[in-house]
Each structure stands twice: as C-alpha cells, then as structure tokens.
Amino acid sequence: YIVAVVVLNEDEVGEWTNRERINFENYSEFIQSEQVKQHVLEVLKGYKVSASLNSLEIPQKVHIYEHEFTVENGLLTPTFKVKREEAKK
C-alpha cells in the first residue's frame with residue numbers, strides 16, 4: 001500500500017486548529033497525533049474523484065515530517081531529487 005510522506009504548512013495547521021478549536025502545546029507532538037494523521041488522510045482521499053485516481057493510488061497511511069526537504073538537511077540532491085535512503089530514515 002501507499003504511504004504519503006508530507007510536510008505540513010504551519011500556517012495552515014494553525015488556521016485548521018483555530019477553526020476546529022483544537023489546542024496543543026507542542027507542535028512536533030501534535031503533528032504526529034492520530035487526529036492530524038486522520039485529517040491529512042481524509043484530505044488526500046478527497047482528491048480521488050477530482051484527480052481520477054483509483055483506490056490503489058490513494059495513500060492508506062501518512063507519515064508527517066516536521067521539516068521541509070532541502071539540500072541543506074540532506075534530503076534532496078542538488079538537482080532537487082529526493083534522496084530515498086535518507087528519507088526512509
């Protein structure tokens with residue numbers, strides 16, 4: 001099955017938590033919570049119809065990475081390709 005690796009936009013997370021009246025103390029712990037992961041999966045599954053995806057193309061799980069993928073943190077090559085072995089860690 002497919003696992004989506006995502007980096008959340010902190011501003012969007014803040015707006016969502018304000019709308020839903022969700023309080024959290026630690027951003028790092030909060031984005032790893034099941035509530036956030038379920039919400040991200042629901043959003044991704046919402047693209048199924050608009051993107052004409054079949055069920056095999058829809059992620060079944062999500063891994064939320066706190067930091068952007070950059071060349072500086074070693075997750076991208078200088079040509080902006082994902083270093084898969086580094087990303088797996």
Side-chain angles (χ1 to χ4, degrees):
Y1 58 87
I2 295 174
V3 176
V5 178
V6 298
V7 177
L8 301 177
N9 179 310
E10 268 191 72
D11 295 334
E12 291 289 327
V13 171
E15 290 176 18
W16 175 65
T17 56
N18 287 338
R19 269 194 319 273
E20 299 295 321
R21 294 190 171 100
I22 300 170
N23 295 316
F24 63 90
E25 292 180 24
N26 183 309
Y27 180 76
S28 298
E29 291 178 11
F30 177 69
I31 63 171
Q32 297 304 323
S33 70
E34 284 304 312
Q35 180 182 16
V36 173
K37 289 181 180 183
Q38 283 304 114
H39 179 71
V40 170
L41 275 175
E42 288 174 22
V43 170
L44 292 173
K45 288 179 181 180
Y47 290 112
K48 179 180 179 181
V49 174
S50 64
S52 301
L53 300 174
N54 70 45
S55 59
L56 295 176
E57 296 172 306
I58 305 297
Q60 300 301 309
K61 288 190 175 185
V62 65
H63 173 75
I64 300 173
Y65 193 74
E66 187 173 358
H67 306 286
E68 291 185 22
F69 285 39
T70 65
V71 175
E72 290 78 22
N73 68 12
L75 293 173
L76 294 179
T77 69
T79 57
F80 300 107
K81 296 176 186 167
V82 175
K83 291 183 178 179
R84 293 177 186 234
E85 289 305 313
E86 292 299 317
K88 285 180 186 179
K89 295 177 186 177

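- Counting only heavy atoms from C-beta outward, the side chains of K83 and T77 approach each other to under 4.5 Å.
- Between the E10 side chain and the L8 main chain, no donor and acceptor come within less than 3.5 Å of each other.
- Under a 4.5 Å side-chain heavy-atom cut-off, the cluster of Ile, Leu, Val, Met, Phe, Trp and Tyr residues that includes I2 has no other member.
- The aromatic rings of F69 and Y65 sit perpendicular, their planes meeting at an angle over 60°, well past the 30° parallel limit.
- With sequence neighbours left out, E86 forms a salt bridge (charged side-chain N to carboxylate O under 4.0 Å, His left out) with K89.
- Follow the hydrophobic side-chain contacts under 4.5 Å out from V5 and you never reach I64; the two are in separate clusters.
- Contact detail for P78 and V71: the closest heavy-atom pair is CA-CG2, 4.1 Å.
- Open room surrounds NZ on K61; 12 or fewer heavy atoms of other groups in view lie less than 6.0 Å from it.
- To the nearest 0.5 Å, atom CD of residue Q60 and atom CG of residue L44 are 11.0 Å apart.
- Taken from OG1 in T70 to CZ in F80, the straight-line distance is 9.5 Å, to the nearest 0.5 Å.
- With rounding to the nearest 0.5 angstrom, the CD atom of E68 is 9.0 Å from the CG atom of N73.
- The side-chain hydrogen bond (donor to acceptor under 3.5 Å, both in side chains) pairs that include a residue from residues 17-38 are S28-E66, where partners are two or more places apart or lie in different chains.
- Heavy atoms only, all atoms of each residue included: G46 and S50 are closest at O-OG, 4.3 Å.
- Checked options V6, L41, V40, V3; the residue passing with P59 is L41 (criterion: side-chain contact (heavy atoms from CB on, under 4.5 Å)).
- Members clustered with Y47: V43, by chain and number, using a 4.5 Å side-chain heavy-atom cutoff among hydrophobic residues.
- For H39, the ring-ring contact (aromatic ring centres under 6.0 Å, His included) test picks out W16, with sequence neighbours left out.
- Applying the salt bridge (charged side-chain N to carboxylate O under 4.0 Å, His left out) rule to E85 yields the partners K88; only residues at least two apart in sequence or on another chain are considered.
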